[in-house]
Enquirer: 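I'd like to ask you about the structure that follows.
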Amino acid sequence: MTVCTRFAPSPTGYLHIGGVRTALYSWLHARRLGGRFILRIEDTDLERSTPEATAAILEGMEWLGLHWDAGPFYQTQRMDRYREVLAQMLAAGTAYHCYCSKEELEAMREEQRARKEKPRYDGRCRNRHEPRPGVQPVVRFRSPDQGETVVEDLIHGTVRFQNAELDDLIIARADGTPTYNFCVVIDDWDMGITHVIRGDDHLNNTPRQIQILRALGATPPVYAHVPMILGPDKQKLSKRHGAVSVLEYREQGYLPEALLNFLLRLGWAHGDQEVFHMDEMIRYFRIEDVHKAASAFNPEKLLWLNAQHIQAMPPADLAQRLWPYLQREGIDAACLRAGPELEQVVLALRERAKTLVDMARGALFFYRAPTEAVAADRDKHLRGRGELLRRAAEHLAELPDWTATSLHDALQALADVESEGKLGKIAQPLRVAVAGCAVSPPLDQTLAILGREESLRRLRQALAWTE
RNA sequence: GCUCCCAUCGUCUAGUGGUCCAGGACACCGGCCUCUCACGUCGGUAACAGGGGUUCGAACCCCCUUGGGAGCGCCA
């Protein structure tokens, strides 16, 4: 049987980082085994599901490159199927109507809690044959009360549950709509899911789902419950920890492969390797090797990985990825054409940028001449150095060829006469003059990329800032 | 409360009975490199939660304790 995995988020909010990791693991598992990966939207909670959330999930998955082979399927569009199975189960006696009111159930749970018992439905409607007038019944699954249900989990190993601990869960509400635990089971079954990879907060639901499947005569899939992701402080990950939505990471200039790499390594390792490219992730990832313990999100490491991926990416690709961020900084297509080759700029910037946002900001001055210098940098490096700028411009203007190496030699020669050979003394003023601030790629490279004409123009323009 | 899960440096992890006075990475602290900022590079600090077993031998196996987490909805 060919492997089939799925990612089944409910569209009640943005696609968060924990969800992305389970999606990644499912995707990777399917990819490595040549299987299929399905996307399913669990939108049975009409109250909280929104089309915006669905759109955000799809957008996030696409940005990450986690392509799905089928779907997205929507549970709200499968209601007829659920009702069909519900009717079958009712007829077969594996499910029954329950006429208990919410108040009655709450009172029962209260009593159980008072007795220090686990609150659970006691099955009082199991043998009721007469409807209660005026009460719309829910449908409950008839759960076995003896024996045990064993979950063979790929990550946790064998986990045993006493059936006596399982109560008769509600599988359809009074209004006839099916509930989560029921829909998942039917969907996974209908869609031929062979491996259910999901958060370990579902581990406790698994025996119930297995029981429903058995009642239906279906073979349960293989399960793998992945641990959750905690915030840096080991507390449940939430907004106060910073970005939790994937799309926020896009905004902040992270590469999807870096985010995926980070999430992959959170709870999984392949020896000492830290940086994984997509093909390696697919080749090496084994769901069986995922850790059992929850792990804390480490933003610094993500940042470091992002820098690694930025440096490893071919300049042409990187330039393409950078473009939207440059646009956001106000550079338009005409501006880009008028300036230096973006690949050259990217090449000069890539080892000092940790995010695409950093890089776009660092690239700005190549396309838009500074109209003024950063005040502190001007005061420190430019004030009173007008003569230096003039001589530098003169000197450089005579260069036969305008390349980084010849510029380097020329700058060194200039330093020899101006500052006893100390390049630092002249490089900073010149840098602030052409870049508008004290930080840029090496000056020789920067001038080479800017070109002769533009460099000289900027040096002359900066004379105004030396007063 | 009950059921289930989990436990190696601050963090992510390697490690599946001897090769571990525990290795790598991020972060941190020093040195080097250097025209700025970075990159890089060299070095350093830092962990097997505690207690019992099993064994010639335990980070690795078993039990208990402690600590964390999840679930116990007509939410998903």
Enquirer: Regarding H195(A) and S26(A), is there a side-chain donor-to-acceptor distance under 3.5 Å anywhere?
Expert: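 Judged by distance alone, the side chains do not pair up.
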Enquirer: Please state how far atom CG in N306(A) lies from atom C1' in rA25(B), giving the value in whole angstrom units.
Expert: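 After rounding, the reported distance stands at 16 Å.
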Enquirer: Base, sugar-phosphate, or nothing for D45(A), non-hydrogen atoms under 4.0 angstrom?
Expert: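 Since only primed, P, OP1 and OP2 atoms lie under 4.0 Å of D45(A), the category is sugar-phosphate.
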Enquirer: Please identify each residue that fulfils ring-ring contact (aromatic ring centres under 6.0 Å, His included) with F182(A), with sequence neighbours left out.
Expert: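 Per chain and number, F182(A) pairs via ring-ring contact (aromatic ring centres under 6.0 Å, His included) with no residue.
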Enquirer: Name the residue closer to the 5' end of RNA chain B, choosing between D444(A) and A294(A) according to the nucleotide with the nearest heavy atom.
Expert: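 Checking each residue's closest nucleotide, the 5'-ward one belongs to A294(A).
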Enquirer: Sequence neighbours excluded, which residues qualify as ring-ring contact (aromatic ring centres under 6.0 Å, His included) partners of F141(A)?
Expert: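 Not a single residue meets the ring-ring contact (aromatic ring centres under 6.0 Å, His included) criterion with F141(A).
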Enquirer: By the 4.0 Å heavy-atom rule, please label E274(A) as base, sugar-phosphate, or nothing.
Expert: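 Result for E274(A) = base.
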Enquirer: In whole Å, I'd like the distance from the CG atom of D200(A) to the C1' atom of rC5(B).
Expert: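 So the two atoms are 7 Å apart, to the nearest Å.
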Enquirer: So which nucleotide does rC32(B) pair with, by the Watson-Crick or G-U wobble rule with both distances under 3.5 Å?
Expert: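 rC32(B) is paired with rG40(B).
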Enquirer: Hey, are R286(A) and D289(A) close enough for a salt bridge, meaning a charged N less than 4.0 Å from a carboxylate O?
Expert: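 Looking at D289(A) together with R286(A), the answer is yes, because their closest N to O distance falls below 4.0 Å.
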Enquirer: Is H225(A) touching bases, backbone alone, or none of the nucleic acid, heavy atoms closer than 4.0 Å?
Expert: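 Nothing: the residue H225(A), judged by heavy atoms under 4.0 Å, touches no strand.
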Enquirer: So what does G199(A) touch, heavy atoms closer than 4.0 Å: a base, only the sugar-phosphate, or nothing?
Expert: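 No contact.
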Enquirer: Return the value, rounded to whole Å, for the distance between atom CD of Q162(A) and atom C1' of rC72(B).
Expert: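 Atom-to-atom, Q162(A) to rC72(B), this comes out as 16 Å.
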Enquirer: So R265(A), base contact, sugar-phosphate only, or nothing? Heavy-atom distance under 4.0 Å.
Expert: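 Base, at least one base heavy atom under 4.0 Å.
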Enquirer: Taking the nucleotide of RNA chain B with the closest heavy atom to each, which residue, T158(A) or Y180(A), is nearer the 5' end?
Expert: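 Going by which nucleotide is closer to the 5' end, it is T158(A).
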Enquirer: In whole angstroms, how far is the P atom of rA27(B) from the CZ atom of F297(A)?
Expert: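 F297(A) atom CZ is separated from rA27(B) atom P by 14 Å.
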Enquirer: Looking at every strand, decide which applies to S10(A) at a 4.0 Å heavy-atom threshold: base, sugar-phosphate, or nothing.
Expert: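 Sugar-phosphate, no base atom in range.
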Enquirer: Polar-atom pairs under 3.5 Å, protein N or O versus N or O of nucleotides 1-3 of chain B: list them with distances, or write none.
Expert:
| residue | atom | partner | partner atom | Å |
| --- | --- | --- | --- | --- |
| rG1(B) | O2' | K116(A) | O | 2.3 |

Enquirer: Checking all strands, does D377(A) fall into the base, sugar-phosphate, or nothing category for heavy-atom contacts under 4.0 angstrom?
Expert: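 If one applies the 4.0 Å heavy-atom cut-off, D377(A) turns out to touch nothing in the nucleic acid.
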Enquirer: So do the side chains of H395(A) and V417(A) get within less than 4.5 Å of each other, counting heavy atoms only?
Expert: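 Result no, sub-4.5 Å side-chain heavy-atom pair not found.
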Enquirer: Contact class for R350(A) (heavy atom, under 4.0 Å): base, sugar-phosphate, or nothing?
Expert: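 Nothing: the residue R350(A), judged by heavy atoms under 4.0 Å, touches no strand.
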Enquirer: With a non-hydrogen cut-off below 4.0 angstrom, is N181(A) in contact with a base, only sugar-phosphate, or nothing?
Expert: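 Result for N181(A) = base.
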Enquirer: So which protein N/O to nucleotides 39-48 of chain B N/O distances come out below 3.5 Å?
Expert:
| residue | atom | partner | partner atom | Å |
| --- | --- | --- | --- | --- |
| rC39(B) | OP1 | K354(A) | NZ | 3.2 |
| rC39(B) | O4' | E351(A) | O | 3.3 |

Enquirer: Touch check for T177(A), heavy atoms < 4.0 angstrom, all strands: base, sugar-phosphate only, or nothing?
Expert: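 Nothing, no nucleic acid heavy atom in range.
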Enquirer: Take the protein atom NZ of K422(A) and the nucleotide atom P of rU36(B), then report the distance between them rounded to whole Å.
Expert: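 Going from K422(A) (NZ) to rU36(B) (P), I get 12 Å.
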Enquirer: Under 4.0 Å between any heavy atoms, over every strand shown, what does P232(A) touch: base, sugar-phosphate, or nothing? Just pick one.
Expert: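 Since no nucleic acid heavy atom lies under 4.0 Å of P232(A), the category is nothing.
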Enquirer: For RNA chain B, which residues in residues 74-81 of chain A have a heavy atom at a distance below 4.0 Å?
Expert: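 None, since no heavy atom is under 4.0 Å.
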Enquirer: When the distance from NZ of K292(A) to P of rU16(B) is rounded to whole Å, what number comes out?
Expert: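 From K292(A) NZ to rU16(B) P: 16 Å.
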Enquirer: Measure from CG on L411(A) to P on rU34(B) and round the result to the nearest Å.
Expert: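 After rounding, the reported distance stands at 17 Å.
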Enquirer: Charged N to carboxylate O under 4.0 angstrom, R113(A) versus E106(A)?
Expert: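 Answer for the salt bridge query: yes.
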Enquirer: Which of these, Y25(A), F276(A), Y284(A), F262(A), sits in a ring pair (Phe, Tyr, Trp, His ring centres under 6.0 Å) with W268(A)?
Expert: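 Of all the options given, the one that passes is F276(A).
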Enquirer: If you look at every strand shown and take non-hydrogen atoms under 4.0 Å, does K425(A) touch a base, only sugar-phosphate, or nothing?
Expert: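 No contact at all - K425(A) keeps every heavy atom at 4.0 Å or more from the nucleic acid.
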Enquirer: Which part of the nucleic acid, if any, lies within contact of A174(A), taking any heavy atom under 4.0 Å across all strands shown: a base, the sugar-phosphate backbone alone, or nothing?
Expert: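 It contacts base atoms.
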Enquirer: Does rA7(B) have a Watson-Crick or wobble mate here (both distances under 3.5 Å), and if so which one?
Expert: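 For rA7(B), the partner nucleotide comes out as rU66(B), under the 3.5 Å rule.
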Enquirer: Shortest non-hydrogen contact from L447(A) to L407(A)?
Expert: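 It is CB-CD1, 3.7 Å.
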Enquirer: Which part of the nucleic acid does A438(A) contact within heavy-atom distance under 4.0 Å: base, sugar-phosphate only, or nothing?
Expert: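 Contact class for A438(A): base.
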Enquirer: Looking at residues 137-157 of chain A, who's got a heavy atom less than 4.0 Å off RNA chain B?
Expert: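 Contacts with RNA chain B under 4.0 Å: V138(A), H156(A).
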Enquirer: Under 3.5 Å for both donor-acceptor distances, Watson-Crick or wobble: does rG1(B) have a partner, and if so which one?
Expert: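 Base-paired to rC72(B).
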Enquirer: Between R48(A) and D43(A), is there a side-chain N and carboxylate O pair less than 4.0 Å apart?
Expert: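 D43(A) and R48(A): not salt-bridged.
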